[in-house]
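A short write-up of the structure that comes next.
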Amino acid sequence: MSTLKTLNGNQTIAEAVRQIDPDVMAAYPITPSTAIVETIAQFRADGLISGEFVCPESEHSAMSVCIGAASAGGRVMTATASQGLALMWEMLYIAAGLRLPIVAAIANRSLSAPINIHGDHSDTMGARDSGWIQIYSENCQEAYDNFMQAFRIAEHLEVRTPVLVGLDGFIISHSMEVIQVEDDQKVKEFIGEYKPVYPLLDPERKMTVGPIDFTDYYFEHKRNQLEGIENAPPVIEAVGKEFGQKFGREYEFFEEYRMDDAEVCIVVMSSAAGTCKDAVDELREEGKRVGLLKPRIFRPFPYQKIAEALKKVRAVAVLDRCSSPGAFGAPLFTEIRSALYDYDQRPKIVNYVYGLGGRDIMIEHFKQVAAKLERITETGKVDEIYGYLNLRE
Amino acid sequence: MKKESWKELTIGTINLDAGNSVKNLTGTWRSGRKPQFIKEKCIQCFFCWLYCPHFAIMVKDEEVKGINYDYCTGCGICSVECPPKEKAIVMVEEKIELAEGSKK
């Protein structure tokens, strides 16, 4: 039977880990994901889970343990954030290259310098080309639900690609929320049994994992790797539907909020989308036809579906919680602008960077964005394509 | 040797053809010098066999018999490790045959 529990984001992830009970968990605690790791360690000490819990000397080693354990044939997870994810860097690419279905919970946090422990998307956005599937969560419930679905997506035989689930540092990781925790047995049924492909702990089969490739094979192996993430969209869709049938909360690539008759649209991911919904409601009461599109899956990027959803509006503002120095706009913006290129009829589009280092974004800031979009529809001119929200000029 | 297309490769860089490095003739890496084995001087200490990084020292009936040039890269470790009093392995010059197209 599902129960309502008051948990913060980190505890919801740990709760899912308790129910899934992976074979190996290797993690090095780092703010704001520390509580995930310490709660799992407590579960292990209390005998609530049977999987191995490894606490190595760094995040680089944590991901290395995950890669070794997954190669051996285990179901594996980790959790980290910020500098921890940055330290895992080279190993992230190896996990993806070896097609190991590792699942990582990332309590999104800014990157140094200057040092800061609060939430933004610099860490996972920096890892966007590492080959991992990326799912972002708006609140604790979504973090719990996404984390469960992550195992099903990663372990699907056509996919076999690592998945990371982002939850905004502090805003979600440390905020209490009443969430629906599903029945242990039902979760186990949903997750299913894990069947490794080519496990190393198989004395009957001699093989090499991760051999060196020179100019003659590297390119073919990299192309082969892409198949996993390219096969993911129908799996993500099916898993989101099945999750809905089983637990009553269905998931898609992105969520559309009051988009049916919207003239302008704000695109924003994760926790800020919650605030944006309130802003949209207030703006609607003022008679303004504003809608919200909240991407959930960032990798593989659902470019066709998003473009189809956005082509009908007149102006779009894409909000990124991360900057991309020297690029033509931040990551989400460049993806969406590029996705719209093939459409003859496409909206005007602007980009805002917001919330770096945990800077608040409030209803008034979304209203500023909506006002800008309204000006664009009235004048037909974009003027400044790139801006910042809640920054002291 | 026919090389596979990306579709024919096993998932995750896994190589199920264990031991296929014998097909990689590392002897083609030699560039200008090779070890020469002088049988009469050899005291069968097996140092060359122990140190050779490419398993190119041929052993039969528990005796070092010579060098397998299919795999010898000409690195010279064997001649360095060969005891100085005996020097049963010495490095000699090797003429490199260039491929037809590279001749001027």
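By convention in this document, chain letters (A, B, ...) are assigned in the order of the sequence lines, proteins followed by strands, and residues within each chain are numbered from 1.
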For A/Phe190, check ring-ring contact (aromatic ring centres under 6.0 Å, His included) against everything at least two apart and list the hits. A/Phe243, A/Phe247
Is it the case that more than 12 heavy atoms not belonging to B/Phe47 sit under 6.0 Å from its CZ atom? no
Taking atom OH of A/Tyr28 as the centre, report whether more than 12 heavy atoms of other residues, nucleotides or ligands fall under 6.0 Å from it. no
Quick check - list every chain A-chain B donor-acceptor pair under 3.5 angstrom, one line each.
| from | atom 1 | to | atom 2 | distance (Å) |
| --- | --- | --- | --- | --- |
| A/Thr208 | N | B/Asn15 | O | 2.9 |
| A/Thr208 | O | B/Asn15 | N | 2.9 |
| A/Gly210 | N | B/Thr13 | OG1 | 3.3 |
| A/Tyr217 | OH | B/Glu4 | OE1 | 2.3 |
| A/Asn224 | ND2 | B/Trp6 | O | 2.8 |
| A/Asn224 | ND2 | B/Leu9 | O | 3.2 |

